[in-house]
Every structure is written in structure tokens, then in C-alpha cells.
Protein chains: 2
Amino acid sequence: MKKIDILKKLRSSRLRPTKQRVEIAKFLFEREKTFHFTVESLNKLLIKKSNSKIALATIYNTVHAFKASGHLSEVEVRGNKTYFDTNVSNHHHFYDSETSELIDIDANDIVIQKIPKAPNGKKIKNVEVFINLKK
Amino acid sequence: MKKIDILKKLRSSRLRPTKQRVEIAKFLFEREKTFHFTVESLNKLLIKKSNSKIALATIYNTVHAFKASGHLSEVEVRGNKTYFDTNVSNHHHFYDSETSELIDIDANDIVIQKIPKAPNGKKIKNVEVFINLKK
DNA sequence: TTTTCACTTTAGAATAATTATAAACTAACT
DNA sequence: AGTTAGTTTATAATTATTCTAAAGTGAAAA
Ligand SMILES: [Mn+2]
Ligand SMILES: [Mn+2]
Ligand SMILES: [Zn+2]
Ligand SMILES: [Zn+2]
């Protein structure tokens with residue numbers, strides 16, 4: 001994904017392409033593979049990469065704005081921090097609690113044969129599978 | 001589960017049956033159905049039930065001690081609070097994010113037909129399925 | 001282009017959940 | 001009963017996140 005696409009992505013979501021948003025978006029989206037991160041880890045990586053310092057509140061704001069626009073998804077894993085995911089398609093995860101590492105599983109690589117029906121008055125929104133790992 | 005069993009349960013885990021632990025254990029384990037809770041919700045329910053006040057730190061201590069002893073499990077759901085579960089067997093959950101409500105799904109009620117193999121050097125510890133609900 | 005202004009960034013304060021501390025208490029062993 | 005390691009408690013500290021309000025800026029209007 002090139003810079004022009006980053007700008008399109010921001011504009012299409014009515015997010016002004018500010019210096020900070022462009023920098024964060026380039027860091028998050030100009031890569032081949034899925035990227036899983038916490039706000040804190042993203043902050044550290046951004047500091048390491050570009051010696052400019054973006055306020056932590058801005059990183060929170062931006063990540064939430066990207067999530068609201070559908071450019072990021074949130075993944076719930078055991079622990080105290082919130083994880084985000086550049087893969088916004090329907091998919092599943094391996095989770096290694098020792099390293100706090102998430103690994104994508106393509107939706108097609110898990111087939112569920114039997115599933116209970118939703119409780120009365122409720123519908124199934126989606127099904128998330130976590131495969132917890134050990135050594 | 002009667003009081004004598006509560007005392008056995010505590011003693012078998014080398015947890016001294018203090019007044020606070022017995023009160024919390026009775027509240028959690030003397031019931032037929034699974035109980036899902038957060039420390040905060042448990043605290044409120046305990047205050048309502050018995051007008052005695054157990055310090056919040058004690059509730060944290062006790063819940064963690066029960067978890068360490070295998071009497072409670074922890075369930076990770078989207079959100080900022082940690083949920084605990086009196087059902088410590090292998091099972092799955094419905095999750096209603098609007099009401100923050102968890103509902104048990106028996107392990108046998110979900111059958112997975114196809115599953116990817118674990119990444120190199122790692123093994124599968126367990127598989128958790130979350131069925132997210134909507135209205 | 002300048003002007004304008006809603007949107008954005010930022011430092012710092014505030015909040016919320018959880019954990020740590022250390023003094024007082026107590027279950028259980030001798 | 002006396003001892004002591006384990007426990008409770010009030011309170012402080014920590015951590016993650018959100019709020020606030022002032023200063024800055026992108027982009028539309030003039
Ligand atoms: Mn979490
Ligand atoms: Mn959580
Ligand atoms: Zn992912
Ligand atoms: Zn459960």
C-alpha cells in the first residue's frame with residue numbers, strides 16, 4: 001500500500017490526513033502481513049522507527065478512529081491490554097500466552113460442524129475461535 | 001454443595017477456611033448453575049446479600065486463590081474487566097456484548113471438523129469458541 | 001490567497017481496574 | 001495457652017485508558 005492509498009484510506013473515512021495519522025497509518029498498513037499490537041507496543045515501535053514523538057493520547061485517538069472506520073479490528077486475549085489487528089476480515093487466532101503472541105488463522109482453516117442455536121430472542125453475530133498454545 | 005464440602009474444598013487446596021473465604025465460597029459454589037462474574041459485581045452482590053463488608057482487596061485475593069486452586073476459571077471477553085467462571089470444565093460461551101452477559105455452551109455442543117496444526121515447536125493447549133450475540 | 005473554523009493534537013489531569021504494602025488479626029499447630 | 005505463618009484490611013501505588021481544555025492545523029469559504 002503506497003502513500004497515496006493511505007491518503008485515500010483516510011479521506012474515505014473522513015479522517016483528515018494529519019502528519020500523525022499518516023505516520024501511524026503508514027506504519028500500520030504499509031506491510032504485507034497482519035500486524036497485531038497494543039497501543040503501548042505501537043507507541044514504542046513508533047518511537048524507535050521515527051525519532052518524532054507522537055503523544056500517547058493521539059495514538060489512542062488514532063487507533064480508535066481507525067477501528068471505528070473499520071481499518072483495524074480489536075482482538076480480545078487474556079490479559080490486561082487491548083490488542084488491535086490490521087486484519088479486519090473474519091478470521092481466527094492462535095494465541096501463545098507465554099509470549100502474548102497472536103497468529104492469524106484463515107477463516108477457511110477452521111470448519112465448525114455443530115453449533116448450538118442462539119438463546120431465545122438473540123441472533124448469532126459471529127463466531128470467534130481461539131486456539132491457545134503451549135510449548 | 002453443603003458447608004462441609006466448602007470446608008473440604010478449601011482445606012484440600014491448603015486455603016485456611018477464614019470467615020471471608022467461607023462466605024465467598026458459599027456464595028460462589030452453593031448454586032446449581034454456572035455463575036459468571038467480575039470482582040466488582042461479586043463485591044456488590046456480597047454487600048447486598050450479607051450486610052458484612054469484605055474488603056475489595058480480600059475479594060481479589062480470594063478469587064485469585066480460588067482460580068489458582070482450580071475452583072474458578074477466567075474468561076476473557078471484550079472489555080476492561082476480568083470475568084471469572086464457576087464452571088472450570090472445558091466449555092465454550094455465548095457472549096452478548098450489549099448486556100455483557102456470558103452463557104455457557106457445553107463442550108459437546110460444538111464440534112470442530114477442521115482445525116489447523118499448531119505452529120512449529122508449539123502444541124495446542126485448548127480451543128475456546130466464543131459465539132458473539134446480537135438482538 | 002487569506003480567513004475561518006471545525007477537527008486534531010497535546011500535556012497533563014482524571015478515572016477505573018488491579019496490585020502492592022504493611023500493620024493488625026487469626027487459624028491451626030505445639 | 002502460646003506461637004507463628006497465613007490472612008485481612010485500609011490505603012497507597014501502579015497500569016491502562018479516557019477526559020479536558022488550550023493550542024495547532026487541514027481544508028472549505030470568501
Ligand atoms: Mn483484554
Ligand atoms: Mn479483559
Ligand atoms: Zn488477526
Ligand atoms: Zn462459563
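Chain letters run A, B, ... following the sequence lines, proteins first and then strands; every chain starts at 1.
- In terms of the salt bridge (charged side-chain N to carboxylate O under 4.0 Å, His left out) criterion, Asp85(B) has no residue partners (sequence neighbours excluded).
- Taking the salt bridge (charged side-chain N to carboxylate O under 4.0 Å, His left out) definition, one finds that Glu23(B) meets it with nothing, sequence neighbours left out.
- At whole-Å resolution of the value, CD1 in Ile59(B) and P in dA20(C) are 18 Å apart.
- Residue Ile103(B) belongs to a hydrophobic cluster whose other members are Phe94(A), Ile103(A), Ile105(A), Ile110(A), Ile112(A), Ile115(A), Ile124(A), Val127(A), Val129(A), Ile131(A), Leu133(A), Phe94(B), Ile105(B), Ile110(B), Ile112(B), Ile115(B), Ile124(B), Val127(B), Val129(B), Ile131(B), Leu133(B), with links defined by side-chain heavy atoms closer than 4.5 Å.
- By the salt bridge (charged side-chain N to carboxylate O under 4.0 Å, His left out) test, Glu32(B) is found to be paired with no residue, residues two or more places apart in sequence or in another chain being considered.
- Remark: Ala65(A) engages Leu15(A) in a side-chain contact (heavy atoms from CB on, under 4.5 Å) (not counting sequence neighbours).
- Remark: Arg11(B) is in phosphate contact with dA28(C), judged by side-chain N or O atoms under 4.0 Å from OP1 or OP2.
- Remark: P of dT7(D) and CZ of Arg14(B) are 12 Å apart, rounded to the nearest angstrom.
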- Reading nucleotides 8-21 of chain D from the 5' end, what letters show protein touch, with B for base, S for backbone sugar-phosphate only, - for no heavy atom under 4.0 Å? BBB-----SBBB--
